[in-house]
Novice: 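Take this structure, written in structure tokens, and hold onto it; I'll ask about it next.
FYI, side chains are in, hydrogens and waters are out, and symmetry mates aren't considered; it's all heavy atoms of this structure. Note that the structure is predicted; figures quoted are calculated from it, not measured. Every chain is numbered from 1, with letters handed out A, B, ... down the list of sequences.
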Amino acid sequence: MFCPLVWLCSAGSLPSPMPPIILPPTPCAANSTSLPAGDAIPHRNRKPTTRRQRCRISVTTASSSSALSAAPALIANAPTPRAFSALFKAASSSSPSHSLGAQLHAQAVVRGFLGDGDNTILSTAILNFYASCREPDLARQVFDRMARRNAVTWNALIKGYAQAGRRDEALALFRCMRRHDRVAPDKYTFPALLSGIGRNRGGVCVQELGGAVHAQVVKSGLDKDPFVGASLVSMYAATGALEDVKAVFDDVDTLDPVVWSSMISAYVNCKEEEAALLTFYKMLCQDIKPRQFVYSSLFAICGSMSMLEMGRQVHAHSLKNITDKDAAMTNALLTMYSDCGCIDDAWRVFNSNDVVDVISYNSMILALGQHARPKEAVELFKRMKFSGLIPDEVTLLNLLSAFNHAGLIHEGLHLFDSMLDMEGIKPTYQHYACVIDMLARSGEIEESMKTIKEMPFEAETSLWRIVLGACSKHGDIETGIKIAEMLFEMEPYEPTNYILLGNICARLGRWTEAEKVRSLMEKRGIDGDDAFSWIEMGQTTHRFGVDDRSHPISEEIYRNLDRLIGSIKAAGYVPDTSFATHSTEKDRREESLRYHCEKLAFAFGDLASPSGDTLRIMKNLRVCGDCHSAYKYFSLVTGRKIVLRDNHRFHHFYNGACSCVDYW
DNA sequence: GTAGGGTTAG
């Protein structure tokens, strides 16, 4: 039987070393700061950067850190191993640039700082730099060349592998450190190791492994340490073991803010938003000052639940308590405003942010795409490159998605076709999925099917479902049936597949087939997801279902909705009964559309807020086509702006039109 | 100016 405890304690052999790297003498002048010629320094399998690009990287990265901006002068005037160690530390801290580190590494080699003698501290700093760049194999090359290693060295390498998702190598190193170098695990080792265990959810025995590491923590007498506790909390949260999370939290020194911050994130990960907010209040009651991480988690909650008022309060609270800027917190704040429908506030956060990194740009480009502002997304992408930051695969995915939301097929396909040559980034599965979505959504169903067949990845069911949705939109019943049959085989209990096929039939007026799909669903005991819409009024969020009469002022809401429907009909609105899903007579179909949840939420918001106020409404599913049309007229007859967030994107309605230009 | 803990975009 598998015994993780024995396995962890057993003395394995050190994983086989990489071939040693050759660090040749270079012709570089001693006081120069440019990169020496040749591949002396570990490099990734990436398109080599040009000399011009290398210069640009070092200048811009240096500007983000005062320590780094002083690098050239420091190297020229006081080139000591200590100075280099400090520079590597600075280079590892935020958005580490591989090429900058390689230049520094080259300089250290040129000056003979990595030759004979005691260079453990400098080598560890270099190793840690490569680990921070998510390049554990390069860190390993440095490790293998070191004459002496201590706990800091081992911990840095373990963390490098763990955070790159290479759990088994991190564990192998953990098992070896004591035997190989007589280095015992310390309070830094466990957070390093644990950071990679929960992350790797696909692996076997994650729970047992986590438990085994936890047992080692107890054995080492480190179970009261707040950082070890915080990493245990995160690990258990990543595996969904909320009871274990609580047990660890109760056990550690809870006066330390680190543990509280981890606990709040844990609740967020486990979708226990209310518990997370409650933990925040408890933390404040105990006079523990929140740090940036806590605010990041709280912003994520407010954003995901579209709680704008709460989000504003948390923002104000953070302004009072946090003086030093933090990129992650600011990015979370930006995303919170965007998720609450306030794209202009997101812009303000972005523009006032003086710690902008790649994630800031990625977040803002994503937000602009979701809010149907592709021109601004493109401008921002250009600004990002001009500033010297290198776009990554997420940047291009977000830009592609912005084109997709706006129906800019030509631009999207051009970006997709040129991304490898222009940006040096190979399309991943997600890029393909986005392009296939784009093709299918625009009616190019055949082309999207062809791309699925040709792409170097296996299509997941969610991608087939996207194409099925497009078949529904464009009335391609033959292809729709083929895909649906395949999906019924692959995941017979997924309600969306049945609903999408039923919708295709219903939209084409093929009611008998639509009923067949519905009865098949019933026969198999499958319930579809109920549709809900939410609207926030002051401190309260009001939720509406379809035909929902549970609200305390339900009668008034229905009266207001009937009045509004009368007004919009007079203005030209015609109910689109093709969105009705039952084969009843025309009047009944019209009736079934009238009290959709998003219409009820608007009718309530219109009653409960001063005229002219913007209404922000959230729906858990895709907005219905008839409601989309009704919302355009609502904005016309009431003069209100309406921001509707569905499960896919944002719609901004104003003066009878929607920002999505009816393409969604 | 000598190296190492928890989290955040998609």
Novice: Would you indicate which nucleotide in B/dT7, B/dG10, B/dT2 comes nearest to any side-chain atom of A/Val394?
Specialist: B/dG10
Novice: Have a look at A/Asp186 and say if it touches a base, only the backbone sugar-phosphate, or nothing, with a 4.0 Å heavy-atom cut-off.
Specialist: base
Novice: Base, sugar-phosphate, or nothing: which does A/Ile121 touch, judged by heavy atoms less than 4.0 Å apart?
Specialist: base
Novice: Quick one: is A/Lys89 getting a side-chain N or O under 4.0 Å of the B/dG4 phosphate, OP1 or OP2?
Specialist: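 For B/dG4, OP1 or OP2 has a side-chain N or O of A/Lys89 closer than 4.0 Å.
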Novice: Return the nearest nucleotide to the side chain of A/Thr80; candidates are B/dG4, B/dG10, B/dG1.
Specialist: B/dG1
Novice: Considering every strand and a 4.0 Å limit on heavy-atom distances, what is the contact class for A/Ser297: base, sugar-phosphate, or nothing?
Specialist: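 Counting heavy atoms under 4.0 Å across all strands, no contact is made by A/Ser297.
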Novice: What nucleotide among B/dG1, B/dA3, B/dA9 has an atom nearest to a side-chain atom of A/Arg82?
Specialist: B/dG1
Novice: Sequence neighbours left out, cut at 3.5 Å: what donor-acceptor pairs do the side chains of residues 240-250 of chain A make with other protein atoms?
Specialist:
none

Novice: Take the angle between the ring planes of A/Phe350 and A/Trp347 and call it parallel below 30°, perpendicular above 60°, tilted in between.
Specialist: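 A/Phe350 and A/Trp347: perpendicular rings.
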Novice: Considering just the side-chain nitrogens and oxygens of A/Thr335, establish if one lies under 4.0 Å of OP1 or OP2 belonging to B/dA9.
Specialist: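 Indeed not, no polar side-chain atom of A/Thr335 lies that close.
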Novice: At 4.0 Å (heavy atoms only), tell me whether A/Ser363 reaches a base, stays on the sugar-phosphate, or touches nothing.
Specialist: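 Sugar-phosphate, no base atom in range.
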Novice: Step by step, work out the side chain to side chain contact (heavy atoms under 4.5 Å, CB included) result for A/Phe113 and A/Asn119.
Specialist: CA-CA 7 Å; A/Phe113 295 155; A/Asn119 55 35; over 6 Å; no
Novice: CG of A/Leu157 versus C1' of B/dG5: gap in Å, rounded?
Specialist: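 Whole-Å distance recorded here is 16 Å.
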Novice: Among B/dA9, B/dT7, B/dG1, find the nucleotide with the atom closest to the side chain of A/Ser234.
Specialist: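 So the side chain of A/Ser234 is nearest to B/dT7.
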Novice: Given B/dG1, B/dA9, B/dG5, identify the nucleotide with an atom nearest to the side chain of A/Lys159.
Specialist: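 Of all the options, the side chain of A/Lys159 is nearest to B/dG5.
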Novice: Does A/Asn150 contact B/dA3 through a side-chain donor or acceptor facing the base, at a distance under 3.5 Å?
Specialist: yes
Novice: Let me know the distance between CG of A/Asp256 and P of B/dG5, rounded to the nearest Å.
Specialist: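 Whole-Å distance recorded here is 15 Å.
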Novice: Round to a whole Å and report the spacing from NE2 of A/His648 to P of B/dG10.
Specialist: 14 Å
Novice: So does A/Asn155 reach the base of B/dG5 with its side chain, donor to acceptor, closer than 3.5 Å?
Specialist: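 Side chain to base: no pair below 3.5 Å.
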Novice: Can you tell me how far C1' of B/dG5 sits from CH2 of A/Trp154, to the nearest Å?
Specialist: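 A/Trp154 atom CH2 is separated from B/dG5 atom C1' by 19 Å.
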Novice: Side chain of A/Ser265: nearest nucleotide among B/dG5, B/dT7, B/dG1?
Specialist: B/dT7
Novice: Once you round it to whole Å, what is the distance between C1' of B/dA3 and NE2 of A/His105?
Specialist: 14 Å
Novice: Tell me the interatomic distance from A/Leu222, atom CG, to B/dG4, atom P, rounded to whole angstroms.
Specialist: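 Roughly 19 Å, once rounded to whole Å.
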Novice: Going by atom types alone, do A/Asn647 and A/Asn620 pair a side-chain donor with an acceptor below 3.5 Å?
Specialist: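 A/Asn647 vs A/Asn620: no donor-acceptor pair found between side chains.
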Novice: Determine if the base of B/dG4 is syn or anti; take syn to mean the glycosidic torsion is within 90° of 0.
Specialist: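 Here B/dG4 takes the anti form, which means its glycosidic angle is more than 90° from 0.
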Novice: Please give, in whole Å, the distance from B/dT2 P to A/Arg148 CZ?
Specialist: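 Result: 21 Å.
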Novice: Nearest of B/dG5, B/dT7, B/dG10 to any side-chain atom of A/Asn398?
Specialist: B/dG10
Novice: Should A/Tyr161 and A/Arg167 be marked as a side chain to side chain contact (heavy atoms under 4.5 Å, CB included) after you check the CA-CA gap, both sets of side-chain angles, and the distance that decides it?
Specialist: CA-CA 7 Å; A/Tyr161 278 111; A/Arg167 190 188 64 193; over 6 Å; no
Novice: If you apply the rule side chain to side chain donor-acceptor pair (under 3.5 Å), what do you find for A/His317 with A/Tyr295, and how did you get there?
Specialist: CA-CA 9 Å; A/His317 203 274; A/Tyr295 289 110; 2.7 Å; yes
Novice: Expressed in angstrom and rounded to an integer, what is the separation of A/Leu104 atom CG from B/dA3 atom C1'?
Specialist: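 Rounded to whole Å, this separation is 14 Å.
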Novice: Tell me whether A/Tyr188 and B/dG5 count as stacked here, given that the ring centres must be under 5.5 Å apart and the planes must differ by less than 30 degrees.
Specialist: no
